[in-house]
Amino acid sequence: MCVIGGGFAGLNTALGLAERGVRDVILIEANEIGHGASGRNGGFVFGGFSRGEESLLHELGPQRARSLYQGTTEAVSLIRRRIDQYGINCDVSDSGVIWANWFRDQDVLRHRQNLLEQHYGEHWEWLPRDELRRRIRTTRYHDGLFERHAFHFHPLKYARGVADAASRQGVGIYEHSPAHGLRREGTQWRVQTPNGDVLAESVVLACGGYLARLQRRVDAAVLPIATYVMVTEPLGSRMGEVLTTNAAVYDTRFAFDYYRPLPDTRLLWGGRISVLDRSPDAVKRLLCRDLLKVFPQLKGVRIDYAWSGLMSYARHQMPQIGQIDEGLWLAQAFGGHGVAPTTFAGEVLASALAEGDTRWREFADYGLVSAMKPAGFVGAQLSYWWAEFKDAWKSALEGRGS
Ligand SMILES: Cc1cc2nc3c(=O)[nH]c(=O)nc-3n(C[C@H](O)[C@H](O)[C@H](O)COP(=O)(O)OP(=O)(O)OC[C@H]3O[C@@H](n4cnc5c(N)ncnc54)[C@H](O)[C@@H]3O)c2cc1C
């Protein structure tokens with residue numbers, strides 16, 4: 001079997017196969033393991049998909065929606081288990097995640113808290129305004145919800161750890177091996193790379209927003225969308241002026257800020273979504289403005305690192321998981337909520353390939369729908385601006401700036 005793509009989707013599939021005793025698995029990666037979104041992300045490990053819980057409920061009904069959502073919360077537990085089992089050193093901070101309300105309007109929080117409790121069996125704890133402000137030293141937010149089961153980690157270290165665990169169980173991992181051709185040959189697939197060809201009965205495409213250019217309809221079904229991250233200098237005791245919690249934080253706007261304290265007292269800060277993949281200097285400029293809106297006390301702080309990464313989005317905002325041709329499998333389009341769902345996808349695909357499990361059909365409602373490129377990029381950017389404008393307007397009506 002051949003897995004193409006060394007991000008979390010590909011790595012988890014390969015590890016899942018090895019754990020099920022499948023031999024002759026190889027994984028090829030165009031760059032290095034974790035080169036794509038998986039090694040660059042914010043490190044939030046939480047349940048759910050990019051598609052919101054309410055939409056899932058309407059589209060799938062309570063039972064199916066709950067079962068898919070549960071796949072992601074089980075994936076959070078599986079990630080914890082694998083970190084222990086394989087001794088992966090990835091700076092785990094098991095401190096939960098806070099969803100902080102940017103708006104005075106409490107309905108946003110109440111509605112989601114009730115929905116999660118009633119339909120998904122998930123309890124997110126209410127954090128009243130004063131308690132939230134004790135943990136996050138800003139007047140920006142009003143109340144919050146605390147997801148205790150979630151945690152955060154260093155995603156690139158974790159990706160490398162999963163690759164090592166897979167490799168120790170016999171998976172052949174080939175970095176700097178871009179697949180540049182894929183064609184059916186009898187009952188097999190021929191995967192062409194500059195270093196040689198691979199013949200495999202089954203191939204898994206897991207190339208995220210870093211399009212593989214192997215199957216036109218697979219690439220056509222996703223929009224690569226950028227989001228940005230930067231990391232401050234070590235804050236030392238100044239960290240206490242910003243956060244008194246180790247939890248990771250994101251807010252309730254469409255294009256939310258997301259941030260978390262790192263073990264060496266740096267603050268990792270992410271945000272924005274755009275069709276533009278910006279340079280590190282441009283990312284710093286943009287994100288510093290966002291940072292200072294929340295924490296003006298950090299004025300003048302030095303930014304040591306900044307980068308951008310590409311997420312892959314389908315029009316329906318759900319991952320595309322399953323078999324798309326005889327022996328040809330797919331796991332892509334995890335959007336901005338991918339750490340747990342890629343792990344879930346890896347399990348679903350590994351058990352399909354190793355044991356004939358048909359659970360992947362539960363994703364059939366969310367197939368390869370054209371992303372309508374290049375017009376889709378314009379549409380996406382316009383809808384982002386519209387959503388950001390609505391958030392800014394709501395904030396202004398509540399008497400706050402954007
Ligand atoms: C900046 C940023 C912050 C994020 N923050 C979070 C977060 O905090 N929590 C969360 O849950 N999600 C987050 N996400 C989303 C999450 O990172 C992704 O959904 C997830 O990592 C997608 O994994 P993937 O394996 O599908 O894709 P990727 O990790 O992008 O991997 C695809 C891989 O395929 C390789 N590839 C492409 N073409 C070929 C080819 N032809 N041959 C061989 N290899 C090829 C690429 O080099 C790449 O390594 C974030 C994403 C970004 C960009």
Side-chain angles (χ1 to χ4, degrees), residues 1-18 20 22-30 36 49 68 71 171-172 174 177-194 196-224 312-335 338 341-342 344-373 376:
M1 284 185 203
C2 177
V3 178
I4 305 178
F8 287 146
L11 289 167
N12 284 304
T13 306
L15 179 57
L17 285 166
R20 286 168 176 78
V22 179
R23 298 291 162 247
D24 295 335
V25 180
I26 73 156
L27 181 149
I28 59 177
E29 161 56 49
F49 297 95
L68 282 192
V171 174
Y174 298 87
S177 301
H180 59 68
L182 174 69
R183 64 166 193 270
R184 192 82 178 142
E185 246 179 49
T187 58
Q188 295 189 306
W189 288 92
R190 177 178 291 274
V191 182
Q192 294 169 299
T193 84
D197 292 2
V198 182
L199 275 174
E201 263 168 34
S202 305
V203 168
V204 178
L205 293 172
C207 298
Y210 295 77
L211 307 180
R213 302 184 205 293
L214 296 171
Q215 288 262 308
R216 192 189 295 260
R217 68 192 168 120
V218 169
D219 288 359
V222 289
L223 279 182
S312 61
Y313 270 98
R315 253 168 57 208
H316 46 61
Q317 297 172 340
M318 275 295 276
Q320 296 159 330
I321 297 171
Q323 187 171 214
I324 54 167
D325 201 343
E326 188 64 35
L328 187 59
W329 297 78
L330 180 67
Q332 68 175 12
F334 294 91
T342 48
F344 179 25
E347 284 298 281
V348 167
L349 291 190
S351 62
L353 286 159
E355 295 147 6
D357 184 357
T358 55
R359 211 162 27 135
W360 60 272
R361 293 189 193 280
E362 283 300 309
F363 288 90
D365 297 64
Y366 303 105
L368 288 176
V369 186
S370 166
M372 309 222 278
K373 288 178 274 192

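Computed from a prediction, not measured in an experiment: that's the story for all the values here. Each residue takes its place number in the sequence, starting with 1.
Met318 pairs with exactly one of Leu68, Asp365, Val369 by the side-chain contact (heavy atoms from CB on, under 4.5 Å) rule, that one being Leu68.
Closest non-hydrogen pair, Ala350 versus Thr13, comes out as CB-O, 3.9 Å. Scanning all heavy atoms of the two residues, the minimum distance from Gly7 to Glu29 falls at N-OE1, 4.3 Å. Here the shortest heavy-atom pairing between Phe334 and Gly338 reads CB-CA, 3.9 Å. For the residue pair Leu11 and Gly6, the shortest heavy atom distance occurs at CD1-O, 3.7 Å. Of all the heavy atoms in Glu185 and Leu199, the pair that sits closest is OE1-CD2, 4.0 Å. Minimum heavy-atom separation, Ala179 to Ile28: CB-CD1, 3.8 Å.
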Exercise for the section: Dump the intermediate steps for side chain to side chain contact (heavy atoms under 4.5 Å, CB included) on Arg184 and Trp189, then the final yes or no. Expected result: CA-CA 5 Å; Arg184 192 82 178 142; Trp189 288 92; 2.9 Å; yes

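For the atom pair CE (Met1) and CG (Leu27), the distance works out to 13.5 Å, reported to the nearest 0.5 Å. Rounding to the nearest 0.5 Å places OG1 of Thr342 at 11.0 Å from CG of Leu349. One finds the CZ atom of Arg190 at 11.5 Å from the CG atom of Leu182 (value rounded to the nearest 0.5 Å). In this structure, CD on Glu355 lies 9.5 Å from CG on Leu17, to the nearest 0.5 angstrom.
Residue pairs meeting the side chain to side chain donor-acceptor pair (under 3.5 Å) criterion with at least one member in residues 323-333, sequence neighbours excluded: Gln320-Gln332.
The number of heavy atoms from other shown groups lying within 6.0 Å of CG (Asp357) is above 12.
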Going by atom type alone, with no hydrogens or angles, which donor-acceptor pairs under 3.5 Å involve a side-chain atom of residues 202-221 and a protein atom two or more places apart or on another chain?
residue	atom	partner	partner atom	Å
Tyr210	OH	Leu310	N	3.0
Arg217	NH2	Ile324	O	2.9
Asp219	OD2	Arg213	N	2.9

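Between Phe344 and Phe363, the gap from one ring centroid to the other is short of 6.0 Å.
Contact of the Val171 side chain with the Val3 side chain is not registered, since no non-hydrogen atoms from C-beta on lie closer than 4.5 Å.
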